[in-house]
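One structure below.
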Number of protein chains: 2
Amino acid sequence: MYQQVVTGKVSGISQPPASAVPAVARSGQLDALVALEQIGTRHSFSRDEEIYAEGDASECWYQVVSGAVRICKWMADGRRHIAEFCFAGDCFGLPASGTRSATAEAVGDVVVMRYPQRAADRLIDETPRLAREMYDRTLRELTQTQTHTLVLSRMTAAERLASFLLELSERRDTPRAVDLPMSRYDIADYLGLTMETVCRTFSAFKRDGIIALPTPQRVELPGRDALETMCEA
Amino acid sequence: MYQQVVTGKVSGISQPPASAVPAVARSGQLDALVALEQIGTRHSFSRDEEIYAEGDASECWYQVVSGAVRICKWMADGRRHIAEFCFAGDCFGLPASGTRSATAEAVGDVVVMRYPQRAADRLIDETPRLAREMYDRTLRELTQTQTHTLVLSRMTAAERLASFLLELSERRDTPRAVDLPMSRYDIADYLGLTMETVCRTFSAFKRDGIIALPTPQRVELPGRDALETMCEA
DNA sequence: CGCCAGTTTGACCAAGATCAACGCAAGTGG
DNA sequence: CCACTTGCGTTGATCTTGGTCAAACTGGCG
């Protein structure tokens with residue numbers, strides 16, 4: 001059912017651009033990370049292109065340089081769920097087993113670094129600080145995913161959308177407004193709702209003056225406090 | 001709101017019993033794990049006792065020896081979500097940050113090993129194979145949690161319960177029947193349903209001959225195939 | 001025997017899904 | 001340059017699943 005599809009305009013081996021460095025430098029482990037970056041290759045994907053598919057062999061993992069990636073799963077009858085959106089600096093496709101447990105797709109145009117599994121593993125095994133960094137990242141992501149299960153299992157549509165807007169606002173460090181690179185459909189599949197409910201809830205927030213929508217992809221947050229109150233866990 | 005509560009009949013430092021060893025021996029890293037076990041202490045908790053609370057400082061992590069533990073989160077108005085059930089061999093409370101992001105409670109009577117953070121960290125840092133083992137465990141758990149987000153966001157009540165029964169049956173390696181140490185309420189809060197819906201769905205499965213319920217806590221699975229068909233992802 | 005906690009069942013209700021139409025802006029081609 | 005298409009996004013009407021409220025059942029235990 002899932003076949004490997006060769007995708008992306010591969011631009012060959014190269015150093016990552018300056019914009020990729022901050023996420024990495026933050027950890028203060030430059031020596032190890034320079035080594036890591038030397039084994040990585042830079043790749044571009046365009047809107048809706050598949051980066052890897054559920055069921056593929058996991059031979060490498062990725063870090064987003066620019067753009068956004070969605071990690072999704074399908075059910076046999078076509079129902080889709082988006083487990084996660086990844087933005088600049090986020091890693092994805094770390095292999096829990098030999099096979100991909102989900103599909104990764106470009107939300108818009110995207111640039112990623114790709115690290116071959118074997119070489120990265122070797123580097124990780126001989127660099128305790130890198131091992132620790134990867135471990136900590138994964139633990140943080142686990143915590144985040146567990147928080148998302150609370151959203152999905154117990155929050156109303158309004159609370160889910162509020163928590164989504166705040167999550168994006170915090171992750172991208174833009175407290176007054178949020179840009180939505182993904183479609184209403186993507187948001188719905190991330191929040192366990194339908195596109196229509198997402199729209200209606202956006203409209204309700206707008207009516208109540210909690211948000212403004214200059215364009216469908218730009219959300220201003222005059223009523224940030226209201227959103228925060230709404231989804232106090 | 002969440003205060004540290006001293007809980008559990010602490011039985012003092014001791015070696016783990018034989019029943020704790022298999023989970024650990026499986027990884028084939030006996031040297032490192034023996035060292036790990038030497039820094040652990042054994043503790044017992046009784047039904048519904050709190051092991052740690054959301055907001056506590058994370059100073060240690062745990063591994064279940066026997067019994068079951070639930071990891072849960074509350075919303076301000078009392079809505080509860082169970083992120084995870086842990087059984088013999090499972091680790092919990094690995095610290096993604098300095099503070100607990102969820103509460104851990106004993107489902108029934110439970111025995112756990114507790115590992116102080118500092119000592120375990122030191123051991124992990126100087127034992128690459130142990131570091132790798134912890135990292136791999138965490139990645140597997142992340143994958144499992146992401147699968148759970150699919151269940152919560154896109155599956156019907158029947159599909160959720162089917163996936164739950166199969167998950168337990170596989171984790172505990174009992175293909176023909178499942179024991180439920182937790183209440184209907186716990187199951188509901190894990191599956192994002194109400195207790196009543198869980199009951200009704202059990203009853204529907206029973207009516208259809210998919211399961212038998214000799215007692216409310218024991219489920220026999222004559223119709224395992226039907227359950228599998230039901231939640232084909 | 002009666003109580004209690006957990007479970008089951010029933011009647012009714014509501015949040016969100018479904019189905020359908022409409023709006024709107026960005027192409028596209030004549 | 002303007003009709004036409006196309007792909008999202010928005011809104012409305014209706015329906016369904018699962019939630020809510022309430023009562024009855026069951027097994028263990030003082």
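Small disclaimer: the values here were computed from a predicted structure and weren't measured. Computed from heavy atoms alone, side chains included, the values below leave out hydrogens, waters and symmetry copies. Throughout, a chain's letter reflects where its sequence line sits, starting with A, and its residues are numbered from 1.
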- prompt: Yes or no on side chain to side chain contact (heavy atoms under 4.5 Å, CB included) for A:I71 and A:I82, after CA distance, side-chain angles and deciding distance?
  reply: CA-CA 6 Å; A:I71 308 298; A:I82 296 184; 5.8 Å; no

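- Rounded to an integer number of Å, the gap from CG of B:L180 to P of C:dT7 is 9 Å.
- Taking atom CE on A:M195 and atom P on D:dT11, their separation rounds to 12 Å, with Å as the unit.
- Remark: P of D:dC8 and CE of A:M182 are 15 Å apart, rounded to the nearest angstrom.
- Straight-line distance from the CG atom of A:D48 to the C1' atom of D:dT6: 15 Å, rounded to whole Å.
- Residues A:R79 and B:S153 bring no donor and acceptor atom of their side chains to less than 3.5 Å of each other.
- The CZ-P distance, from A:R184 to C:dG23, rounds to 19 Å in whole Å.
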- prompt: Where along nucleotides 14-30 of chain D does protein come under 4.0 Å, by heavy atom, of base (B) or sugar-phosphate alone (S), with - for untouched nucleotides?
  reply: ----SSBB---------

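- For the ring-ring contact (aromatic ring centres under 6.0 Å, His included) criterion with B:F164, the lone passing option out of B:F205, B:Y190, B:F202 is B:Y190.
- Ion pair B:R137/B:E141 not flagged as a salt bridge, since none of the NZ, NE, NH1 or NH2 atoms sits closer than 4.0 Å to an Asp/Glu carboxylate oxygen.
- Taking side-chain N and O atoms only, B:R47 has a distance below 4.0 Å to OP1 or OP2 of C:dG6.
- With 3.5 Å as the limit, one finds no donor-acceptor pair spanning the side chains of A:Y52 and A:R100.
- Rounded to an integer number of Å, the gap from A:Y185 OH to D:dT10 P is 15 Å.
- Within the structure, every side-chain polar atom (N or O) of B:Q217 is placed at least 4.0 Å from both OP1 and OP2 of C:dG6.
- Checking C:dT9, D:dT10, C:dT8 against every side-chain atom of B:S203, the shortest atom distance belongs to C:dT9.
- Between A:F202 atom CZ and D:dG9 atom P there is a gap of 10 Å when expressed in whole angstrom units.
- Partner of A:T149 under the side chain to side chain donor-acceptor pair (under 3.5 Å) criterion, out of B:H148, B:Q146, B:H81: B:H81 alone.
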